[in-house]
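Below is one structure, written out as structure tokens; the observations come after it.
Remember, it's 1-based here, ligands and their atoms both numbered in the order they're listed.
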Amino acid sequence: MKREEITPALAAKLMETAIAQREKAYVPYSHFRVGAALLAEDGTVYTGCNIENSSYGAANCAERTAFFKAVSEGERKFAAICIAGGPEGSDPIPCPPCGICRQVMSEFCGPDFPLILVQSGTDYRIVTLGELLPEAFTLQGTEG
Ligand code: THU
């Protein structure tokens, strides 16, 4: 799906889901709640939240939770993702995905893949994966 194809109604639906997912976040250490709504090409929406751990490095971001849930269900084709994050007890603040999540997205999605980033309240902006991760690493040329 191209950035231009995301209607306000679709963005609103995905935002509602991503914001609701923030409630599921397990964040006893950072108290920073992130929710994600990952839209597959067939219309299925996979949700994700961040899940932390007393061994801090074992934390998993909301975006990767959504991708790993989807891929583990056999999904490989994705249309868009919506991300809502912010401190516990507050409305979302701009929360672009971390570098590891950008790399994971680039495994399954091309540079046109749109990300709906909740800014505050119901405001959002749409960026593409290519804008967030130019010159992504791949193993191209080493296979076969
Ligand atoms: N986090 C996400 O879930 N997604 C992001 O894109 C950035 C950071 C989480 C990881 C950690 O649980 C908390 O936010 C603070 O870094």
Side-chain angles (χ1 to χ4, degrees), residues 1-140:
M1 174 176 265
K2 296 266 193 206
R3 184 202 317 244
E4 302 73 40
E5 294 170 327
I6 296 174
T7 62
L10 175 59
K13 177 189 152 192
L14 293 174
M15 279 197 291
E16 190 183 338
T17 303
I19 289 167
Q21 271 303 301
R22 291 185 67 212
E23 304 301 321
K24 303 269 179 28
Y26 176 74
V27 290
Y29 307 104
S30 75
H31 302 282
F32 192 92
R33 291 183 175 273
V34 187
L38 174 60
L39 177 67
E41 278 189 3
D42 70 0
T44 307
V45 176
Y46 295 89
T47 57
C49 63
N50 52 335
I51 303 167
E52 298 182 344
N53 194 279
S54 58
S55 177
Y56 295 170
N60 204 58
C61 293
E63 298 89 325
R64 272 177 289 149
T65 302
F67 266 89
F68 293 160
K69 282 170 69 179
V71 173
S72 70
E73 295 296 321
E75 198 65 71
R76 291 284 174 84
K77 294 186 169 159
F78 300 104
I81 190 169
C82 178
I83 303 161
E88 204 158 60
S90 112
D91 281 345
I93 59 170
C95 181
C98 82
I100 298 174
C101 289
R102 295 177 197 201
Q103 181 66 26
V104 167
M105 288 178 204
S106 80
E107 186 74 19
F108 300 102
C109 307
D112 290 340
F113 180 69
L115 297 90
I116 303 163
L117 304 181
V118 180
Q119 299 293 98
S120 68
T122 55
D123 288 345
Y124 64 92
R125 74 186 174 109
I126 303 176
V127 297
T128 67
L129 185 57
E131 289 167 346
L132 293 185
L133 188 65
E135 301 189 46
F137 173 78
T138 71
L139 281 177
Q140 204 175 352

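L129 pairs in a side-chain contact (heavy atoms from CB on, under 4.5 Å) with only one of the listed residues (C109, P134, P111, P97), which is C109.
At a 4.0 Å cut-off, at least one heavy atom of P96 sits close enough to ligand 1 to count as contact. The closest approach between G85 and ligand 1 stays at or above 4.0 Å for every heavy atom of the residue.
Every atom of ligand 1 is numbered from 1 in the order shown, and the set under 4.0 Å from a heavy atom of P97 is 6 (O). Within the listing of ligand 1, atoms 6 (O) sit less than 4.0 angstrom from a heavy atom of C98. Below 4.0 Å from some heavy atom of S30 lie the following atoms of ligand 1, by number and element: 13 (C), 15 (C). Near F32, with a cut-off below 4.0 Å to any heavy atom, the atoms of ligand 1 are 14 (O).
Counting protein heavy atoms only, atom 8 (C) of ligand 1 is closest to C61 SG, 4.0 Å. Counting only heavy atoms of the protein, atom 11 (C) of ligand 1 lies nearest to E52 OE2, 3.3 Å. The protein heavy-atom contact nearest to atom 14 (O) of ligand 1 is N50 ND2, 3.4 Å.
Proximity of a side-chain donor or acceptor of R64 to a complementary backbone N or O of V104 within less than 3.5 Å is not detected.
The shortest N or O to N or O distance between A62 and ligand 1 is below 3.5 Å. For the pair V34 and ligand 1, the shortest N or O to N or O distance does not fall below 3.5 Å.
The closest non-hydrogen atom to atom 6 (O) of ligand 1, taken over E63, R102, R33, H31, comes from E63.
Residues E75 and Y46 have side chains that bring a donor and an acceptor to within less than 3.5 angstrom of each other. Looking only at atom types and distance, the side chain of N53 has no donor-acceptor partner in the side chain of S55 under 3.5 Å away.
Aromatic rings of F108 and F113 (six-membered ring for Trp) have centroids beyond the 6.0 Å cut-off, not under it.
Smallest separation of non-hydrogen atoms from E23 and R33: O-NH1, 3.3 Å. The two residues I93 and G86 have their closest heavy-atom pair at CG1-CA, 3.9 Å. Nearest heavy-atom pair across Y124 and P8 is OH-CA, 3.8 Å.
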